[in-house]
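Report on one structure; see the data block that follows.
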Amino acid sequence: MIQVRNVSKRYGRHQALDDISFEVKKGDILGFLGPNGAGKSTTMNIITGYISCDSGEVLIDGKNILEDPKAAKSRMGYLPEIPPLYNDMTVEKYLEFMFRLKRIRLPMEEHISKILDDLNLSDVSERIIGHLSKGYRQRVGLAQALLGDPPVLILDEPSVGLDPAQIIEMRNLIRKLGENHTVILSSHVLTEIQAVCDKIVMINNGKIAANGKIDLLMGTGKGTKIIRLVAEGREQGILSALKSIDGIIKITSLGESERGCYEFRIESRKDIRRAISRAFSRTDIAIMLMQPAGHSLEDIYLELISGKQG
Ligand code: ADP
Ligand code: MG
């Protein structure tokens with residue numbers, strides 16, 4: 001349904017996207033996960049045709065977004081990071097305005113009232129957008145994306161700035177929409193993505209860092225053991241004590257987690273907990289926490305965004 005092929009984009013000297021490719025199949029709810037500045041919004045703006053790429057191509061249902069923008073855009077609803085709302089319009093007037101702007105050929109009143117209904121917005125349809133809470137405004141942005149019944153929805157961080165109750169509400173809405181739409185949902189919060197998506201593309205520094213089904217990604221590195229360690233001492237001292245231990249595959253520094261304490265993620269071929277205690281007993285390093293951890297998606301993501309590997 002969506003093909004992103006070898007897309008690159010520069011802003012001046014900054015390479016925002018570096019040769020990224022991925023595919024979204026019909027009916028998928030794809031999570032597009034990456035820390036702030038990773039390139040998520042840039043990618044979504046390119047997919048929806050709001051900005052062009054320097055090289056590569058994007059196909060929506062086989063239509064090239066640059067060569068056939070009208071056909072490609074009519075298949076997509078887009079909720080940008082900052083929704084294009086007119087704060088002095090009522091919800092209903094705004095949706096009518098956008099309906100006309102998009103030149104949609106459906107019975108307008110019926111169509112808009114169905115969307116208002118589906119998104120639980122009917123009660124506020126006469127209210128001025130600028131007077132609504134952030135949660136409602138975000139839903140109005142989503143309503144705008146649903147105009148014209150597009151089969152594909154591109155949602156850029158729809159939960160940012162919402163309170164916990166609104167986040168759950170937005171999550172449920174996206175889940176429901178996912179039943180009959182192909183969805184790309186971006187977020188810098190892993191739990192957000194895990195809650196609704198079945199596939200995931202991780203992006204970091206403009207490059208794809210992981211891509212696949214969530215359950216398969218979690219299975220990577222089978223047979224290895226992972227420990228989360230918090231130790232008190234100098235970071236370099238802790239690292240060199242750890243490096244003397246046999247069987248370690250990789251040490252990832254996760255930074256200072258409490259004052260004077262550093263957190264590490266250690267991947268090894270065997271149980272090295274006793275060896276760690278012994279190695280530290282010869283120093284003044286204290287173990288504050290040592291916990292076996294699965295190879296969870298969170299580990300992969302933490303490792304990815306920390307970017308530091310020992
Ligand atoms: P994300 O949505 O993942 O937070 P963005 O796609 O917004 O990331 O940004 C990716 C990188 O490109 C960031 O380093 C950002 O500062 C930079 N960037 C984004 N938009 C522009 C722009 N219009 N001009 C210059 N740099 C930009
Ligand atoms: Mg963004």
Side-chain angles (χ1 to χ4, degrees), residues 1-4 23-30 32 41 43-52 57-87 89-127 129 132 135-159 169-186 196:
M1 194 69 172
I2 303 173
Q3 273 149 319
V4 176
E23 192 182 354
V24 190
K25 295 214 166 69
K26 190 162 186 265
D28 278 355
I29 310 186
L30 178 92
F32 196 41
S41 297
T43 305
M44 292 179 136
N45 279 325
I46 289 172
I47 291 175
T48 50
Y50 276 76
I51 61 174
S52 59
E57 62 178 2
V58 173
L59 303 178
I60 310 296
D61 210 1
K63 312 278 180 204
N64 187 304
I65 185 72
L66 294 179
E67 286 161 15
D68 198 352
K70 238 172 122 181
K73 281 187 183 178
S74 72
R75 288 166 169 76
M76 273 182 294
Y78 184 26
L79 175 63
E81 199 162 24
I82 300 161
L85 300 177
Y86 290 90
N87 281 331
M89 284 187 189
T90 66
V91 172
E92 193 169 19
K93 286 278 173 297
Y94 166 70
L95 291 177
E96 287 172 8
F97 172 75
M98 293 304 284
F99 182 97
R100 294 195 183 98
L101 201 68
K102 293 185 181 187
R103 297 173 190 282
I104 293 162
R105 290 200 205 103
L106 288 169
M108 184 170 79
E109 254 178 60
E110 230 179 281
H111 183 54
I112 290 180
S113 101
K114 168 142 196 336
I115 292 176
L116 288 171
D117 220 36
D118 287 350
L119 299 191
N120 290 325
L121 284 169
S122 306
D123 291 348
V124 298
S125 67
E126 305 292 324
R127 301 263 304 268
I129 292 175
L132 296 174
Y136 272 113
R137 284 205 303 272
Q138 200 65 346
R139 257 146 63 194
V140 176
L142 194 54
Q144 163 276 131
L146 290 172
L147 288 169
D149 278 338
V152 177
L153 292 176
I154 313 284
L155 312 176
D156 195 359
E157 305 235 19
S159 298
E169 201 172 3
M170 180 57 79
R171 222 180 250 179
N172 290 335
L173 266 177
I174 295 169
R175 256 197 222 116
K176 203 170 97 192
L177 290 168
E179 287 167 12
N180 43 19
H181 291 85
T182 303
V183 180
I184 304 184
L185 164 73
S186 83
V196 283

Looking at Leu66, I want to see if its CG is surrounded by more than 12 non-hydrogen atoms of other residues, nucleotides or ligands under 6.0 Å.
yes
Nearest 0.5 Å please: distance from the [atom1] atom of [X] over to the [atom2] atom of [Y].
{"X": "Leu185", "Y": "Ser159", "atom1": "CG", "atom2": "OG", "value": "7.0 Å"}
{"X": "Met44", "Y": "Glu157", "atom1": "CE", "atom2": "CD", "value": "8.5 Å"}
{"X": "Leu142", "Y": "Leu153", "atom1": "CG", "atom2": "CG", "value": "7.0 Å"}
{"X": "Ile112", "Y": "Glu92", "atom1": "CD1", "atom2": "CD", "value": "7.0 Å"}
{"X": "Gln3", "Y": "Asn64", "atom1": "CD", "atom2": "CG", "value": "11.0 Å"}
{"X": "Ile65", "Y": "Leu59", "atom1": "CD1", "atom2": "CG", "value": "10.0 Å"}

Identified side chain to side chain contact (heavy atoms under 4.5 Å, CB included) partner of Tyr136 from the options Leu121, Asp123, Asn120
Leu121
I would like to know whether Thr43 and Ile46 meet side-chain contact (heavy atoms from CB on, under 4.5 Å); could you show each step before the answer?
CA-CA 5 Å; Thr43 305; Ile46 289 172; 5.8 Å; no
Anything under 30° is parallel, anything over 60° is perpendicular, the rest tilted; go ahead and classify Tyr94 against Tyr86.
tilted
Residue pairs passing the salt bridge (Lys or Arg N to Asp or Glu O under 4.0 Å) test where at least one lies in residues 100-115, sequence neighbours excluded:
Lys114-Asp118
Which pairs pass salt bridge (Lys or Arg N to Asp or Glu O under 4.0 Å) with one or both residues in residues 67-86, sequence neighbours excluded?
Asp61-Arg75
With sequence neighbours excluded, residues passing side-chain contact (heavy atoms from CB on, under 4.5 Å) with [X]:
{"X": "Tyr50", "value": "Asn45, Thr48, Tyr78"}
{"X": "Ile2", "value": "Val4, Val24, Ile47, Ile60, Val152, Ile154, Ile184"}
{"X": "Ser74", "value": "none"}

May I have the step-by-step check of side-chain contact (heavy atoms from CB on, under 4.5 Å) for Asp28 and Glu23, ending in yes or no?
CA-CA 10 Å; Asp28 278 355; Glu23 192 182 354; over 6 Å; no
Flag the pair Ser122 / Leu116 as yes when at least one side-chain heavy-atom distance between them is below 4.5 Å, and no otherwise.
yes
List the steps, then state whether side-chain contact (heavy atoms from CB on, under 4.5 Å) holds for Gln138 with Leu79.
CA-CA 9 Å; Gln138 200 65 346; Leu79 175 63; 4.2 Å; yes
Closest heavy-atom pair and its distance - Val183, Gly178:
CG2-CA, 4.1 Å
What's the shortest heavy-atom distance between Pro150 and Ala145, and which atoms?
CG-O, 3.3 Å
Taking the side chain from [X] and the backbone from [Y], do they hold a donor-acceptor pair closer than 3.5 Å?
{"X": "Ser125", "Y": "Val91", "answer": "no"}
{"X": "His111", "Y": "Leu147", "answer": "no"}
{"X": "Arg175", "Y": "Val196", "answer": "no"}
{"X": "Gln144", "Y": "Gly141", "answer": "yes"}
{"X": "Thr182", "Y": "Gly27", "answer": "yes"}

Got a sec, which residues hit salt bridge (charged side-chain N to carboxylate O under 4.0 Å, His left out) with Glu169, two or more places apart in sequence or on another chain?
Arg139
